[in-house]
Every structure is written in C-alpha cells, then in structure tokens.
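First up is the structure itself, then whatever we jot down about it.
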Amino acid sequence: METRYYIISLPADARDLLRVVRSHWSTSGCENSLHWVLNMAFREDADRIRTGHAKRNLSIPRRMALNLLRRKTTAKRKHAGWNDRYLLRDLSN
C-alpha cells in the first residue's frame, strides 16, 4: 500500500479524485504512451548509446518507423514483425 498526497482545488470526493489522478497518469500527454510503445517495439530503454547526439539521432528514425507502422492494420504489423522481408517491402512502399 502506498500513500500519496495531492494539493488540488476540487471538493474531496473519492471517486472524482481517483478519476482525476488515474487520468493524469494514464494520459499525461501521449509522451508516456509513446515512450512505452517505443520501448516495447524497439527496446529503446535497453540500448546503450551514450555518446554525442547518437541517442537523439536514432530516436528520429524509430519514431518515423512507428508512424509508418501505425498506418498499417494489426495483421500487417504482426506479419512485419515475423518476417523481415515483408517489413522492408512494406516500409519501402
């Protein structure tokens, strides 16, 4: 069990507070969900790139690839995940 304290100007109704807190952390911008997707799809947290601008330079093509993949149906994404040739052909179209 954890205890957290918040300072807000809303009346202290437990259900409203729970909704507000959960919505804040689940949708505190698409950045958190984007980070999760990039980490799951590209293992971004596991890479060991530390020099210069390399980490930022690699994040750009990852985001581009993610945007291209999001345009495809779920079945096509799964097929691309299983078959590198299909992935390359699909991304080059």
Side-chain angles (χ1 to χ4, degrees):
M1 176 184 267
E2 292 182 14
T3 302
R4 296 181 185 205
Y5 298 95
Y6 296 91
I7 299 173
I8 59 172
S9 60
L10 294 174
D13 178 67
R15 287 185 185 170
D16 288 340
L17 292 175
L18 179 63
R19 182 185 49 77
V20 168
V21 169
R22 284 189 176 166
S23 69
H24 171 75
W25 287 111
S26 67
T27 61
S28 58
C30 61
E31 191 60 36
N32 283 342
S33 63
L34 174 64
H35 174 75
W36 184 84
V37 170
L38 287 169
N39 193 34
M40 292 292 102
F42 299 108
R43 302 284 185 239
E44 202 172 55
D45 286 349
D47 72 26
R48 297 292 172 232
I49 301 165
R50 302 280 188 252
T51 58
H53 299 285
K55 190 164 187 87
R56 173 116 171 116
N57 291 341
L58 285 175
S59 74
I60 294 168
R62 286 178 182 151
R63 282 165 174 72
M64 289 171 58
L66 184 62
N67 286 331
L68 289 171
L69 289 172
R70 282 184 170 166
R71 295 173 53 195
K72 304 297 179 184
T73 64
T74 303
K76 285 185 178 181
R77 280 188 266 170
K78 284 182 182 177
H79 195 71
W82 296 327
N83 186 329
D84 289 342
R85 272 194 210 146
Y86 181 85
L87 173 66
L88 291 174
R89 188 185 73 210
D90 201 32
L91 290 177
S92 66
N93 287 335

Checklist entry - For Ile60, which fellow cluster members are found when Ile, Leu, Val, Met, Phe, Trp and Tyr are connected by side-chain heavy-atom distances below 4.5 angstrom, either directly or through intermediates? => result Met64
Item to check | Non-neighbouring partners of Leu58 that pass side chain to side chain contact (heavy atoms under 4.5 Å, CB included), sequence neighbours left out | outcome: Ile49, Arg62
Checklist entry - Does any non-hydrogen side-chain atom of Leu18 lie less than 4.5 Å from one of Arg15? => result no
Next on the checklist: Rounded to the nearest 0.5 Å, what separates atom CZ in Arg89 from atom CG in Asp84?
Outcome noted: 12.5 Å
